[in-house]
Amino acid sequence: MQQSIIITGGAGFIGSHVVRLFVNKYPDYKIINVDKLTYAGNLANLKDIEDKPNYKFVKADICDFDTIYKLMQDEHVTGVIHLAAESHVDRSIKDPFTFARTNVLGTLSMLQAAKLYWEALPEKYEGKRFYHISTDEVYGALEIEHPEILFTEQTKYNPHSPYSASKAGSDHFVRAFHDTYGMPTIVTNCSNNYGPYQFPEKLIPLFINNIRHRKPLPVYGKGENVRDWLYVEDHARAIDIIFHKGKVAETYNIGGFNEWKNIDIIKVVIKTVDRLLGRKEGEDLDLITFVTDRAGHDMRYAIDSRKLQRELGWEPSLQFEEGIEKTVRWYLDNQAWLDNITSGEYEKYYESMYANR
Ligand code: NAD
Ligand code: TYD
């Protein structure tokens with residue numbers, strides 16, 4: 001079936017991988033990337049597909065209800081894959097309002113625009129889908145002492161950061177639109193992603209860039225927090241499968257069964273960068289600098305994604321060692337992409353974030 005799909009946040013990290021996958025895999029679909037191009041949005045992430053006939057970019061704020069509603073009408077939108085969000089926990093601690101606005105009100109604006117547009121059609125919600133991309137952080141934190149306990153789709157929401165609280169709020173609105181209006185919604189909660197095109201404020205690209213320039217690596221607390229890492233293209237593949245085959249009103253957890261203590265992953269990254277730059281492996285370990293912990297720092301995230309594997313046949317394709325090697329290689333080969341982002345305003349922001357640590 002031909003589809004006209006709005007992908008929000010398509011100029012960001014995960015969104016750009018989803019846009020690329022859909023544009024290349026579904027030449028009959030029209031893919032409309034709606035992005036405000038905040039500091040995190042970068043059209044350079046989509047250079048390779050920007051001229052494809054089934055791709056269109058629209059610069060817009062998801063909070064701008066009138067623009068979104070008109071776009072749905074003009075483009076006869078049949079599906080929404082909603083990724084646009086403020087996504088960095090440290091920024092949410094400094095500026096929670098922006099997170100509430102974009103993540104909660106922006107999601108509500110997308111839902112309401114889709115509702116009004118779809119309900120006015122003769123076939124209404126038939127053949128439509130509103131797919132909301134969320135995070136495992138809404139479930140709160142797990143204990144290191146109980147490695148057998150993972151987040152399942154039944155885990156109670158218990159967000160701790162302004163970021164995860166705002167994502168939880170958006171998830172609740174999405175489910176409320178199904179329960180109240182019958183909108184065909186799906187929510188997925190994914191673990192930490194890594195891979196090409198991630199903004200270098202997040203752990204892995206930030207540290208790769210710092211190692212390259214021999215800058216200190218600010219490790220929060222003792223580096224003992226645990227995250228469950230998934231290669232971004234595996235997430236994009238899951239989104240494709242779930243958009244097409246997932247059951248309406250369901251939640252699916254997405255994760256790679258790949259838990260790492262921060263300090264251990266940091267050592268792997270250092271050794272990989274050193275090796276690929278022709279330095280002595282491990283010679284940059286002394287860049288590790290323990291700094292004041294993040295406020296409210298969640299100790300452990302770990303996703304149980306067996307439902308998705310069992311019901312829809314998805315599983316991660318890459319071994320972690322292979323994924324990290326690919327990722328480090330990509331950032332080292334794309335230094336111009338990094339330099340472009342890390343110059344100017346971002347440099348000032350980064351300096352101010354770490355000035356008092
Ligand atoms: P990102 O910060 O790299 O990209 C976000 C994109 O949204 C940017 O292109 C930005 O310009 C756009 N955007 C922000 N505010 C907007 C607005 N008001 N209107 C329109 N566009 C706007 O984020 P990401 O890491 O790619 O995350 C994408 C989604 O996946 C988010 O919803 C995030 O919560 C979720 N998620 C991320 C991870 C992860 O590890 N990165 C894990 C699980 C879930
Ligand atoms: P991050 O990439 O910000 O993702 P999230 O907070 O959403 O999990 O951080 C991953 C982990 O790395 C997290 O436990 C915080 C830690 N971290 C550092 O120790 N130093 C840093 O400079 C950053 C950005 C993160």
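Both counts, for ligands and for their atoms, begin at 1 and track the order of listing.
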Under a 3.5 Å cutoff, is there a donor and acceptor pairing between the side chains of [X] and [Y]?
{"X": "Arg212", "Y": "Gln335", "result": "yes"}
{"X": "Tyr157", "Y": "Asp171", "result": "yes"}
{"X": "His82", "Y": "Thr107", "result": "yes"}

Is it true that Tyr220 and Phe290 have ring centroids separated by less than 6.0 Å?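 That pair fails the under 6.0 Å test.
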Could you name the option among Phe290, Tyr220, Trp260, Tyr301 that has the heavy atom nearest to atom 25 (C) of ligand 2?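 Shortest heavy-atom distance from atom 25 (C) of ligand 2: Tyr220.
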Out of Ile266, Leu203, Val219, who gets a non-hydrogen atom closest to atom 10 (C) of ligand 2?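 Heavy atom nearest to atom 10 (C) of ligand 2 belongs to Leu203.
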Mind listing the closest non-hydrogen atom pair of Glu137 and Ser164 along with its distance?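 Heavy atoms of Glu137 and Ser164 come nearest at O-CB, 3.4 Å.
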Determine, for Phe257 and Arg306, whether the Lys NZ or Arg CZ falls below 6.0 Å from the six-membered ring centre while staying within 45 degrees of the axis.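 Judged by the rule, Arg306 and Phe257 form no cation-pi pair.
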Would you say Ile263 and Ile288 make side-chain contact, with heavy atoms under 4.5 Å?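 The answer is yes, as the side chains (C-beta and beyond) meet within the 4.5 Å cut-off.
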Sub-4.5 Å side-chain heavy-atom contact between Phe207 and Ile270: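 Not in contact.
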I'd like to check which ligand 2 atoms, numbered from 1 as shown, lie under 4.0 Å from a non-hydrogen atom of His88.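 By the 4.0 Å cutoff, the relevant atoms are 3 (O).
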Sub-4.0 Å atoms of ligand 2 with respect to non-hydrogen atoms of Glu201: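 With Glu201 as reference, the close atoms of ligand 2 come out as 24 (C).
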Pairing residues for Thr67 by the side-chain contact (heavy atoms from CB on, under 4.5 Å) criterion, not counting sequence neighbours: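 Per chain and number, Thr67 pairs via side-chain contact (heavy atoms from CB on, under 4.5 Å) with Ala60, Asp64.
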I'd like to check whether [X] has a polar contact with ligand 2, where a contact means an N/O of the residue lying under 3.5 Å from an N/O of the ligand.
{"X": "Trp229", "value": "no"}
{"X": "Pro218", "value": "yes"}
{"X": "Arg294", "value": "yes"}
{"X": "His297", "value": "yes"}
{"X": "Asn192", "value": "yes"}
{"X": "Arg227", "value": "yes"}

One residue to check: Asp298. Relative to ligand 2, which of side chain, backbone, both or neither has a non-hydrogen atom less than 4.0 Å away?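 Answer for Asp298: neither.
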Would you check whether Phe207 reaches within less than 4.0 Å of ligand 2, judged by its heavy atoms?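 Within the 4.0 Å threshold, so yes.
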Compile the donor-acceptor pairs under 3.5 Å between side chains in residues 190-197 and protein atoms, sequence neighbours left out, one pair per line.
{"from": "Ser191", "atom 1": "OG", "to": "Asp228", "atom 2": "O", "distance (Å)": "3.0"}
{"from": "Asn193", "atom 1": "OD1", "to": "His235", "atom 2": "ND1", "distance (Å)": "2.8"}
{"from": "Asn193", "atom 1": "ND2", "to": "Ser191", "atom 2": "O", "distance (Å)": "2.8"}

Ring pair (Phe, Tyr, Trp, His ring centres under 6.0 Å) involving Tyr301 - partner list, sequence neighbours excluded: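 Testing Tyr301 for ring pair (Phe, Tyr, Trp, His ring centres under 6.0 Å), a comparison that skips the adjacent residues, returns none.
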Output block, N or O contacts of ligand 1, threshold 3.5 Å exclusive:
{"from": "ligand 1", "atom 1": "2 (O)", "to": "Ser87", "atom 2": "OG", "distance (Å)": "2.7"}
{"from": "ligand 1", "atom 1": "3 (O)", "to": "Phe13", "atom 2": "N", "distance (Å)": "3.0"}
{"from": "ligand 1", "atom 1": "9 (O)", "to": "Gly12", "atom 2": "N", "distance (Å)": "2.9"}
{"from": "ligand 1", "atom 1": "9 (O)", "to": "Asp35", "atom 2": "OD1", "distance (Å)": "3.3"}
{"from": "ligand 1", "atom 1": "9 (O)", "to": "Asp35", "atom 2": "OD2", "distance (Å)": "2.6"}
{"from": "ligand 1", "atom 1": "11 (O)", "to": "Asp35", "atom 2": "OD1", "distance (Å)": "2.5"}
{"from": "ligand 1", "atom 1": "11 (O)", "to": "Thr38", "atom 2": "N", "distance (Å)": "3.0"}
{"from": "ligand 1", "atom 1": "11 (O)", "to": "Thr38", "atom 2": "OG1", "distance (Å)": "3.1"}
{"from": "ligand 1", "atom 1": "18 (N)", "to": "Asp61", "atom 2": "OD1", "distance (Å)": "2.9"}
{"from": "ligand 1", "atom 1": "19 (N)", "to": "Ile62", "atom 2": "N", "distance (Å)": "3.0"}
{"from": "ligand 1", "atom 1": "21 (N)", "to": "Lys36", "atom 2": "N", "distance (Å)": "3.0"}
{"from": "ligand 1", "atom 1": "23 (O)", "to": "Ser87", "atom 2": "OG", "distance (Å)": "3.3"}
{"from": "ligand 1", "atom 1": "26 (O)", "to": "Phe13", "atom 2": "N", "distance (Å)": "3.3"}
{"from": "ligand 1", "atom 1": "26 (O)", "to": "Ile14", "atom 2": "N", "distance (Å)": "2.8"}
{"from": "ligand 1", "atom 1": "32 (O)", "to": "Leu83", "atom 2": "O", "distance (Å)": "2.9"}
{"from": "ligand 1", "atom 1": "32 (O)", "to": "Lys167", "atom 2": "NZ", "distance (Å)": "2.6"}
{"from": "ligand 1", "atom 1": "34 (O)", "to": "Tyr163", "atom 2": "OH", "distance (Å)": "2.7"}
{"from": "ligand 1", "atom 1": "34 (O)", "to": "Lys167", "atom 2": "NZ", "distance (Å)": "3.1"}
{"from": "ligand 1", "atom 1": "40 (O)", "to": "Asn193", "atom 2": "N", "distance (Å)": "2.8"}

Parallel, tilted or perpendicular: which describes the rings of Phe320 and Trp260, with under 30° parallel and over 60° perpendicular?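 Phe320 vs Trp260 ring planes: tilted.
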